[in-house]
Amino acid sequence: MAGLGRVPVRRGPRRAAADAAADSGAAGSATPGSAGSAGPATPGSAGSAGGPGPDGRPAPAGPRQRIPRRLRLARSGAGAGPPEQEPRRAAPAGAAGAGSPAAGATQGSTARRAEQHVPVSLRVASAWSWRLLIIGTAVYVLAMIVGRVRIVVIPVIAGLLIAALIHPIAYRFQRMGVPRLGAAFAALLIFLLLVVGAGVAVGFNAANEIPAVADQVSEGVDQVRDYLTDGPFHLSQGQIDNLVDDIRSSLTSNRGRVVSGVLSTASVAAEVLTSILVALFSTFFFLYDGERIWSWIVTRFPSGAEDRVRGAGREAWLTLTGYIRGTVFVAAVDAVGITIGLVAVGAPLVAPLALLTFFGGFIPIVGATVAGIAAVLVALVSNGVPDALIILGVVIAVQQVEGHLLQPLVMRRAVRLHPLAIVIALSAGGVLAGIPGAIAAVPFVAVVNRVATYLASAGKDPQPADG
């Protein structure tokens with residue numbers, strides 16, 4: 001069997017071609033200086049094409065060994081590159097720099113794992129907390145700015161409210177063919193005539209009835225003194241005189257404060273006069289040039305947001321006009337009701353109390369209550385307890401009609417605010433700017449609420465109808 005030699009292996013044409021290519025590559029790689037040679041050829045080495053023997057003759061070729069295909073491909077690929085190129089060494093695990101992708105991924109995974117250890121409730125609370133802190137700081141800074149320049153801000157807001165009230169009059173004049181300038185002057189003149197006429201009428205009424213009211217007040221004081229001496233308290237005349245002397249001495253000792261109060265009243269009167277002038281100028285220009293002023297404000301926003309800003313302004317104006325007209329109507333009804341009650345019992349100072357009730361209607365919840373208490377006190381001092389109780393019943397009835405009938409029908413569409421929100425707005429406005437701030441607080445909050453609702457709904461897609 002050994003003499004038979006090696007049995008040739010049958011190969012397919014593709015396998016034979018691959019072996020021939022590998023043999024030729026191996027023969028070429030044995031040449032000195034070739035890129036793929038692994039060193040000088042040694043005698044009898046596998047893969048040599050027959051090197052010289054010991055006597056100088058070519059040695060017979062030994063049996064050809066079969067080279068695996070993967071090794072042949074690896075050798076052919078290794079010989080394709082330049083001889084000076086060295087394989088790239090793998091960087092050690094700790095040699096990655098801080099800015100390398102591996103380091104960034106490691107840091108990101110560490111931060112992610114640390115974030116996962118924080119409870120979800122704590123993350124949500126912290127996110128809400130810093131946002132609320134930023135909003136609260138912004139509101140506080142804005143309130144401080146308004147408080148510093150309230151002598152300008154409050155009259156401008158008053159002018160805007162007056163313009164919202166008398167804008168229909170100016171529009172009616174424009175429809176009659178009057179130019180815009182003349183229509184604005186005419187509407188403002190009508191408003192001034194109404195206000196000045198009401199003030200003059202109230203002044204004449206108060207001037208005529210104040211002497212009689214003073215006599216009635218003195219009689220009321222005597223009645224109180226008699227009640228203190230003959231009533232359940234059984235105070236002596238000496239104790240009452242000592243009480244009156246204490247009151248007089250406190251007034252004398254605080255004379256400096258009284259004088260400073262008068263001076264502060266004079267400064268307040270100057271501020272009031274300045275505020276009235278600013279409010280009148282603001283009202284005129286809002287009537288005459290309000291549309292162009294608003295168009296200029298809208299163009300200051302990005303072009304993509306102009307439509308939403310214009311729509312928000314339209315909603316704000318509708319809310320403001322609805323509020324001011326509804327408030328005027330409700331205040332007029334309250335004043336008429338109180339006037340009827342005062343005239344029925346024959347109480348004095350009917351016109352001043354009616355005007356006080358009308359202006360008190362512009363301060364929701366608080367204004368009408370204060371005006372009603374003033375009417376009850378006047379009736380108590382002038383007419384006695386029975387008439388005061390009658391006026392108290394009239395005030396309660398008017399308040400019930402306003403709260404359960406007028407407010408839901410007239411004001412609910414314009415001012416959709418919770419009573420707690422109204423009270424908070426009144427308190428904040430009163431602290432910042434006194435009575436004018438309390439008057440302007442509710443419409444301001446109503447406008448902000450309406451604009452926020454409009455912007456929130458404008459950013460949502462319409463819900464599909466249920467099929």
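Small disclaimer: the values here were computed from a predicted structure and weren't measured. Positions are given from 1, in the same order as the sequence printed here.
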Would V333 and E402 satisfy side-chain contact (heavy atoms from CB on, under 4.5 Å), going step by step from the backbone distance to the final call?
-> CA-CA 8 Å; V333 172; E402 175 188 348; over 6 Å; no
Qualifying residue for side-chain contact (heavy atoms from CB on, under 4.5 Å) with R325, from V328, T327, T321 |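 Filter result, single survivor: T321.
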So do the side chains of [X] and [Y] get within less than 4.5 Å of each other, counting heavy atoms only?
X    : Y    : result
I373 : L377 : yes
W317 : H167 : yes
I340 : V394 : no
Y323 : V447 : no
I154 : S275 : no

Listed pairs under 3.5 Å, donor-acceptor, residues 173-188 side chains, sequence neighbours left out:
residue : atom : partner : partner atom : Å
R180    : NE   : Y288    : O            : 2.9

Please, which pairs that meet salt bridge (charged side-chain N to carboxylate O under 4.0 Å, His left out) have at least one residue in residues 371-390, sequence neighbours excluded?
->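 The answer is none; no pair qualifies.
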Keeping to residues at least two apart or across chains, list the salt bridge (charged side-chain N to carboxylate O under 4.0 Å, His left out) pairs with something in residues 273-294.
->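 The answer is D289-R292.
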For residues 345-371, which side-chain N or O atoms pair as donor and acceptor with protein atoms under 3.5 Å away, sequence neighbours left out?
residue : atom : partner : partner atom : Å
T357    : OG1  : L353    : O            : 2.8
T369    : OG1  : I365    : O            : 2.8

Euclidean distance, [Y] [atom2] relative to [X] [atom1], rounded to 0.5 Å:
X    : Y    : atom1 : atom2 : result
I166 : L189 : CD1   : CG    : 10.0 Å
I324 : L161 : CD1   : CG    : 5.0 Å
W294 : R314 : CH2   : CZ    : 10.5 Å
S427 : I422 : OG    : CD1   : 11.5 Å
S295 : R300 : OG    : CZ    : 11.0 Å

What's the verdict on side-chain contact (heavy atoms from CB on, under 4.5 Å) for I162 and F191, showing C-alpha distance, side-chain angles and the deciding distance?
-> CA-CA 9 Å; I162 297 172; F191 173 76; 3.8 Å; yes
For the student: nearest non-hydrogen atoms of [X] and [Y], plus distance:
X    : Y    : value
A312 : V451 : O-CG2, 3.7 Å
E306 : T299 : OE2-CA, 4.0 Å
V118 : L122 : CG1-CD2, 3.9 Å
G337 : V398 : CA-CG2, 4.1 Å

Not counting sequence neighbours, which residues clear salt bridge (Lys or Arg N to Asp or Glu O under 4.0 Å) with E315? List them please.
->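 Expected list: R450.
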For residues 278-287, run the donor-acceptor check on the side chains, cut-off 3.5 Å, and write out each pair with its distance to 0.1 Å, sequence neighbours left out.
residue : atom : partner : partner atom : Å
S282    : OG   : V278    : O            : 2.8
T283    : OG1  : G159    : O            : 3.4
T283    : OG1  : A279    : O            : 2.7

Using atom types as modelled and distance alone, determine if a side-chain donor or acceptor of R308 lies under 3.5 Å from a backbone N or O of L455.
->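 Yes, R308 side chain to L455 backbone: donor-acceptor pair under 3.5 Å.
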Examine distances only and state if a side-chain atom of R172 and a backbone atom of P168 form a donor-acceptor pair shorter than 3.5 Å.
->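 No, the answer is negative, given that no donor and acceptor are paired below the 3.5 Å cut-off.
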